[in-house]
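To start, the structure itself, in structure tokens.
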There are 2 protein chains.
Amino acid sequence: MNRKPLLEYINKYINLTMEEEDILFSKIRYRDYLKDQYIVQQGDVCNSVCFILSGCTKMFYMDKEGQEHIVIFSIEDWWTSDLGSFISQTPADYNVQCLENTQLIQFTNNTLEELYSEIPKLERLFRKIVERAFVASQKRIIRNFSLTAKERYLIFKETYPKIEQRVPQYMIASYLGITKEFLSKIKSQLIQNQ
Amino acid sequence: MNRKPLLEYINKYINLTMEEEDILFSKIRYRDYLKDQYIVQQGDVCNSVCFILSGCTKMFYMDKEGQEHIVIFSIEDWWTSDLGSFISQTPADYNVQCLENTQLIQFTNNTLEELYSEIPKLERLFRKIVERAFVASQKRIIRNFSLTAKERYLIFKETYPKIEQRVPQYMIASYLGITKEFLSKIKSQLIQNQ
DNA sequence: AAATAATGTTAAACTAGATTAACATCTATT
DNA sequence: AATAGATGTTAATCTAGTTTAACATTATTT
């Protein structure tokens with residue numbers, strides 16, 4: 001398995017010795033998922049955090065009316081998981097499903113605790129990861145309150161140009177919190193006003 | 001200063017020895033704020049996380065139109081800060097302002113780093129705090145997407161009964177992401193249908 | 001006690017975005 | 001090549017929530 005993507009990611013936050021790198025890789029699990037497979041299912045306790053090597057996932061909430069609400073897309077060099085469920089070891093509120101064949105590295109609950117005691121620096125790494133996730137989540141709340149759907153769509157395009165090209169439009173609508181019909185309308189308005 | 005509220009809070013997550021408690025309290029700063037004073041101002045780099053001993057604060061974002069969007073209220077035994085700014089040491093997106101005279105304990109950036117190296121367990125504590133904040137933030141996104149304003153208001157009342165009684169209604173409307181007029185309408189509907 | 005500021009209510013007119021439904025295009029499978 | 005399934009578009013109608021504006025009530029200050 002190619003260690004490089006994960007190590008490059010980790011190096012942005014902390015420095016590991018060779019020995020520590022070896023310990024790390026001895027405790028993780030490599031996995032291959034096919035398109036449409038679920039990594040986490042609503043109701044299960046989520047017992048892993050995953051670093052994506054290749055592929056794409058969506059995390060979504062299914063409401064009582066059976067409507068999907070996408071919370072986030074994840075691609076290479078990002079994480080995916082129901083962090084809330086993982087952290088508190090309670091049933092997941094969300095589903096994580098692969099939109100493409102996806103290769104990833106899994107950190108399970110137990111091994112992460114072991115890793116924290118063997119390499120305390122990792123506690124810092126995962127604190128930083130959660131911090132970043134939190135900041136992104138806070139900014140999203142503000143965007144949803146203070147911007148129109150058109151403005152949110154433009155920001156999405158700018159922030160995640162790679163994702164826009166890989167994901168069907170009706171899922172982007174779900175991520176933006178609008179219907180696919182309304183996104184279609186926004187797009188045609190943008191084309192006309194060009 | 002009364003150490004009890006903070007220690008009781010911390011004990012829910014980690015256990016400190018007497019010596020560690022002393023180190024902790026030697027590094028923190030007690031502060032008194034008056035009603036309407038700002039703890040954090042949009043644009044400043046936020047250099048503290050605060051544990052509230054008494055009082056009440058609002059954290060809000062001011063948009064280009066000059067409209068306030070309240071992200072969270074905090075009261076006794078909760079934290080307040082622009083965590084995003086604090087974490088990344090970038091200018092704050094939010095303001096934190098006191099709604100009542102407020103007494104709190106400040107952890108500044110530098111002292112927190114010192115504390116982490118003297119008491120590594122604290123790294124875990126603050127990871128947990130950020131994790132909880134993150135989970136709450138994620139749940140809020142979902143609520144805003146999948147529930148009506150009336151449903152959100154009922155959940156708010158149930159979740160934060162203490163806050164509802166302490167805070168003017170127009171601020172609750174701002175927190176819910178609706179106008180004060182519409183909240184007024186919702187309330188009168190609820191009274192009629194009782 | 002009066003005056004001012006802050007907060008809350010009501011109602012009419014308006015708009016962003018949802019719903020429904022019919023149709024168009026693209027893609028995968030036989 | 002033909003069919004079915006998935007995805008995207010357009011337009012009419014509808015609704016949750018906004019805006020505006022006038023008024024009511026409650027605190028706060030003099």
Side-chain angles (χ1 to χ4, degrees), chain A residues 34-37 56 58 60 63-70 73 97-101 141-157 163-194, chain B residues 34-37 56 58 60 63-70 73 97-101 141-157 163-194:
Chain A
L34 295 173
K35 186 177 176 199
D36 294 335
Q37 280 192 309
C56 182
K58 66 174 172 182
F60 65 99
D63 70 21
K64 331 138 206 158
E65 279 90 40
Q67 278 240 313
E68 255 186 55
H69 299 274
I70 295 177
F73 299 106
Q97 190 180 14
C98 297
L99 300 177
E100 304 171 0
N101 293 344
I141 290 175
I142 287 298
R143 279 203 302 275
N144 291 346
F145 274 159
S146 61
L147 302 180
T148 63
K150 189 190 275 184
E151 290 169 322
R152 277 180 273 143
Y153 171 60
L154 291 172
I155 289 174
F156 171 79
K157 266 170 76 97
I163 290 175
E164 205 204 354
Q165 280 145 37
R166 280 161 82 160
V167 161
Q169 193 169 308
Y170 70 91
M171 290 191 193
I172 293 171
S174 168
Y175 174 84
L176 294 173
I178 58 177
T179 58
K180 61 192 194 332
E181 291 86 355
F182 192 55
L183 179 54
S184 200
K185 200 170 173 181
I186 287 171
K187 287 184 82 167
S188 76
Q189 278 173 14
L190 288 170
I191 290 164
Q192 279 174 1
N193 297 352
Q194 228 167 41
Chain B
L34 294 173
K35 186 179 175 198
D36 295 336
Q37 281 192 309
C56 181
K58 66 175 173 182
F60 64 98
D63 71 21
K64 331 138 203 155
E65 279 91 38
Q67 278 240 314
E68 255 186 56
H69 300 273
I70 295 178
F73 299 105
Q97 191 179 14
C98 297
L99 299 177
E100 303 171 1
N101 293 345
I141 290 175
I142 287 298
R143 278 203 304 275
N144 291 346
F145 274 159
S146 61
L147 302 179
T148 63
K150 190 189 275 183
E151 290 169 322
R152 277 180 272 144
Y153 170 61
L154 290 172
I155 289 175
F156 172 79
K157 263 169 76 97
I163 291 175
E164 205 203 355
Q165 280 145 37
R166 280 161 82 161
V167 161
Q169 193 169 307
Y170 70 91
M171 289 190 193
I172 293 171
S174 168
Y175 174 85
L176 294 172
I178 58 177
T179 58
K180 61 193 195 328
E181 292 85 355
F182 192 54
L183 178 53
S184 201
K185 201 170 170 182
I186 288 171
K187 287 184 82 167
S188 74
Q189 277 172 14
L190 288 170
I191 289 165
Q192 279 174 1
N193 298 351
Q194 224 168 46

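Sequence lines set the chain letters: A, B, ... in the order given, protein chains first and strands last, and positions in each chain run from 1.
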Exercise. Could you tell me from which nucleotide to which nucleotide of DNA chain D, 5' to 3', there is an atom under 4.0 Å from chain A heavy atoms?
Key: D/dT7 to D/dT10
Using atom [atom1] of [X] as one end and atom [atom2] of [N] as the other, report the distance to the nearest whole Å.
| X | N | atom1 | atom2 | answer |
| --- | --- | --- | --- | --- |
| B/L183 | C/dT7 | CG | P | 15 Å |
| A/I186 | C/dG17 | CD1 | P | 7 Å |
| A/R152 | C/dA16 | CZ | C1' | 10 Å |
| B/K185 | C/dT10 | NZ | P | 11 Å |
| A/F145 | C/dA16 | CZ | C1' | 16 Å |
| A/H69 | C/dG17 | NE2 | P | 16 Å |
| A/E181 | C/dA24 | CD | P | 17 Å |
| A/Y153 | C/dA16 | OH | C1' | 18 Å |

Quiz item: Which atom names give the shortest non-hydrogen contact between A/E68 and A/F60, and what distance separates them?
Solution: CG-CD1, 3.2 Å
Practice problem: Can you see which heavy atom on A/I70 is nearest to which on A/S174, and at what distance? | Solution: N-OG, 2.9 Å
Distance-only, no hydrogens or angles: does the [X] side chain make a donor-acceptor pair with backbone N or O of [Y] under 3.5 Å?
| X | Y | result |
| --- | --- | --- |
| A/Q97 | A/D36 | yes |
| B/N101 | B/L34 | no |
| B/Q192 | B/Q189 | no |

Quiz item: Checking side chain to side chain contact (heavy atoms under 4.5 Å, CB included) for the pair A/L176/A/I186: CA distance, chi angles, key distance, verdict?
Solution: CA-CA 12 Å; A/L176 294 173; A/I186 287 171; over 6 Å; no
Practice problem: Return the 5'-most residue of the pair B/K180, B/T148 with respect to DNA chain D, ranking by each residue's nearest nucleotide. | Solution: B/T148
Exercise. Report the residue (B/Q67 or A/Y170) whose heavy-atom-nearest nucleotide on DNA chain D is the more 5′ of the two.
Key: A/Y170
Quiz item: More 5' along DNA chain C: A/G177 or B/F182, using each one's nearest nucleotide?
Solution: B/F182
Quiz prompt | 5' priority, DNA chain C, between A/L147 and B/S184 [closest heavy atom] | solution = B/S184
Quiz item: Any idea how A/Y175 and A/F156 line up, ring-wise: parallel (<30°), tilted (30 to 60°), or perpendicular (>60°)?
Solution: tilted
Practice problem: Report yes if at least one side-chain N or O of A/T179 is closer than 4.0 Å to OP1 or OP2 of C/dA18; otherwise report no. | Solution: yes
Practice problem: Find the bend of the helix from C/dA1-D/dT30 to C/dT30-D/dA1 as the angle between its two terminal axes (five pairs each), to the nearest 10°. | Solution: 40°
Quiz item: Have B/S184 and B/E181 got a donor and an acceptor in their side chains that come within less than 3.5 Å?
Solution: no
Exercise. With the side chain of B/Q169 defined as its heavy atoms from C-beta on, choose the nearest nucleotide among C/dG8, C/dT19, C/dG17.
Key: C/dG8
Exercise. Please lay out, stage by stage, how B/K187 and B/Y153 fare under the test side chain to side chain contact (heavy atoms under 4.5 Å, CB included).
Key: CA-CA 9 Å; B/K187 287 184 82 167; B/Y153 170 61; 3.5 Å; yes
